[in-house]
Amino acid sequence: MTKSSWLTQALIVGVLLQLAPAACGKDRPFDAIVRRIASRYNARPVRFMGLASFLANRARPEGVRNMKLAVFEDIDTSQNLPGSDFDSFLQDAVGPEFQPFVRVLSQRDGELTYVYARETGDSCELLVVNFERDEASVIQMQMKPEAMTEWFDEPARRARSSAHEAEHEP
Amino acid sequence: MTISLKRSIRLMVFLVLVWGGLPAYGQVARLQLNNLEKLSKKAAEVVDVQLDGPMLKLASKFLSQDEDAEAAEVKELVKDLKGIYVKSFEFDKEGEYSDDDVDAIRAQLKGPGWSRIVGVVSKREHENTEVYMMAMGAAESIQGLAIIAAEPKELTVVNILGPIDLDKLSALEGHMGVPKLDLEKGKAPVGRRAGSPDDKK
């Protein structure tokens with residue numbers, strides 16, 4: 001291999017390495033949360049559907065353009081109280097690009113839901129992290145603009161129902 | 001040191017102070033609600049809604065796609081706001097939060113610029129709704145608003161940052177996490193700066 005072709009190859013590899021994180025960046029918070037939940041509860045998601053997944057995008061709830069979903073089952077989430085280290089654990093994983101939007105804790109239902117949002121062009125992307133007594137789910141949804149009106153009107157109600165809608169779609 | 005150099009340093013110090021003070025002025029109406037966090041353990045339901053600058057811009061953008069008059073009113077109301085923060089607790093039984101918990105919020109509302117504009121106490125329903133407004137500067141422009149709605153089994157604190165038209169405040173009820181508080185019913189006369197909660201008994 002000549003010196004110039006070696007240099008060209010090295011340059012191409014360098015450029016690709018630079019671009020790779022940017023290309024994957026949009027899903028980084030989702031992956032980070034899934035990894036953190038997996039390591040915290042020593043569990044693996046029983047259902048995992050990527051953004052480009054045919055299944056995920058056929059089964060998406062109304063108002064959702066694209067969706068990414070990870071579901072954990074048979075985990076003990078009883079220590080996830082808001083105000084504990086759990087809030088900062090999630091915020092660290094989500095990073096600065098998503099803004100905290102809604103947090104709903106229901107002791108009655110044993111459910112804790114966090115919703116983060118970020119702007120994406122003409123619409124919005126929501127990251128929903130939902131914990132039930134022995135189950136957790138992480139959902140990243142690219143929303144249709146018209147669906148966001150309902151979210152801003154009734155954020156708590158939408159936060160409560162969104163995780164269930166996403167999890168229980170066929 | 002030459003006179004011009006001294007002047008330049010003074011000017012720079014002044015600019016740094018002014019620049020540093022600007023965000024603080026904008027955030028001065030923001031309430032610290034951390035003391036309420038401990039109620040989360042006793043509450044049956046806790047809802048926390050946080051809409052700061054970027055989120056409100058988003059909200060304003062999406063509400064503009066809705067053509068009904070109410071949405072237009074809400075959009076008009078939120079377009080200049082800097083933040084809406086709502087914290088509400090629902091309890092299964094009475095007495096789960098104390099006066100001290102609410103007093104910690106009221107204490108912040110005794111600071112400069114704050115005044116109570118509405119105070120409604122319903123002895124029959126044991127409900128207490130207070131609306132506070134922060135006005136600052138020579139023009140007494142509104143910098144923010146706080147609402148405390150206390151019922152035997154519910155406690156809600158709403159904190160709105162930025163200029164807000166008080167006459168249109170009720171339009172926000174039921175939107176952006178602001179609960180329905182019947183503010184229209186309990187609204188104080190325009191121009192009244194401080195109301196006593198006993199007025200409406």
Side-chain angles (χ1 to χ4, degrees), chain A residues 63 65 78-88 90-91 94 96-127 129 131 142-161, chain B residues 33-68 70-75 77-79 81 83-93 96 153 156 171-180:
Chain A
R65 269 185 192 148
S78 55
Q79 298 307 309
N80 296 339
L81 277 173
S84 63
D85 66 328
F86 199 71
D87 283 15
S88 49
L90 270 185
Q91 190 58 60
V94 166
E97 48 191 303
F98 275 93
Q99 304 283 321
F101 179 21
V102 197
R103 189 187 69 174
V104 182
L105 164 70
S106 172
Q107 303 270 20
R108 272 183 206 133
D109 306 328
E111 208 168 328
L112 175 58
T113 307
Y114 291 79
V115 183
Y116 299 86
R118 71 173 169 194
E119 191 177 4
T120 49
D122 71 329
S123 190
C124 197
E125 199 158 43
L126 297 178
L127 189 58
V129 186
F131 292 91
Q142 284 174 7
M143 306 300 294
K144 291 178 184 167
E146 62 272 20
M148 283 311 294
T149 312
E150 209 182 328
W151 270 92
F152 285 113
D153 264 350
E154 295 182 276
R157 192 184 64 77
R158 288 302 295 133
R160 279 189 198 103
S161 58
Chain B
L33 304 177
N34 296 346
N35 77 301
L36 298 179
E37 205 60 62
K38 60 179 184 281
L39 299 178
S40 298
K41 288 175 187 165
K42 299 181 197 169
E45 294 249 339
V46 185
V47 174
D48 236 320
V49 176
Q50 192 173 327
L51 291 156
D52 39 25
M55 287 300 288
L56 278 173
K57 270 192 193 152
L58 271 178
S60 183
K61 185 171 142 185
F62 294 118
L63 285 169
S64 68
Q65 290 161 355
D66 206 325
E67 285 173 5
D68 78 59
E70 200 182 320
E73 202 175 0
V74 176
K75 191 198 166 197
L77 198 65
V78 302
K79 75 176 173 33
L81 294 183
I84 299 177
Y85 305 92
V86 182
K87 212 171 185 57
S88 73
F89 300 88
E90 212 181 297
F91 304 94
D92 278 336
K93 51 182 200 255
E96 293 283 24
K153 291 186 188 176
T156 302
L172 263 187
E173 287 182 54
H175 301 276
M176 315 268 167
V178 179
K180 291 197 188 296

TODO: Could you look at B:Lys38 and say if it's the side chain, the backbone, both or neither that has a heavy atom under 4.5 Å from chain A?
DONE: neither
Open item on the list: Under 4.0 Å between a side-chain nitrogen and a carboxylate oxygen: does that hold for B:Glu37 and A:Arg103?
Closed with: yes
- [ ] Test side chain to side chain contact (heavy atoms under 4.5 Å, CB included) on B:Asp92 and A:Arg108 and set out the steps.
- [x] CA-CA 9 Å; B:Asp92 278 336; A:Arg108 272 183 206 133; 3.1 Å; yes
Open item on the list: Can you list everything that forms a side chain to side chain contact (heavy atoms under 4.5 Å, CB included) with B:Ala43? Sequence neighbours excluded, please.
Closed with: B:Val46, B:Phe89, B:Phe91
Open item on the list: With a 4.5 Å cut-off on side-chain heavy atoms, are B:Leu58 and A:Gln99 touching?
Closed with: no
Task: Distance, nearest 0.5 Å, that separates CE of B:Met55 from CZ of A:Arg118 - done: 12.5 Å
TODO: May I ask you to test the A:Gln107-B:Glu90 pair for a side-chain heavy-atom distance under 4.5 Å?
DONE: no
Task: Segment of A:Thr113 engaging chain B (4.5 angstrom heavy-atom cut-off) - done: neither
- [ ] With side chain to side chain contact (heavy atoms under 4.5 Å, CB included) as the test, would you mind laying out the steps for A:Arg160 and B:Val47 before giving the verdict?
- [x] CA-CA 10 Å; A:Arg160 279 189 198 103; B:Val47 174; 3.8 Å; yes
- [ ] Locate the shortest heavy-atom distance separating A:Leu105 from B:Ser40; write the atom from each residue and the value.
- [x] CD2-O, 3.6 Å
TODO: Would you mind checking which part of B:Asn34 comes under 4.5 Å of any heavy atom in chain A, side chain (CB onward), backbone (N, CA, C, O), both or neither?
DONE: neither
Task: Pair B:Lys61 + A:Glu119, salt bridge at N-O below 4.0 Å - done: yes
Open item on the list: When you compare the side chain of B:Val78 with that of A:Phe152, does any pair of heavy atoms fall below 4.5 Å?
Closed with: no
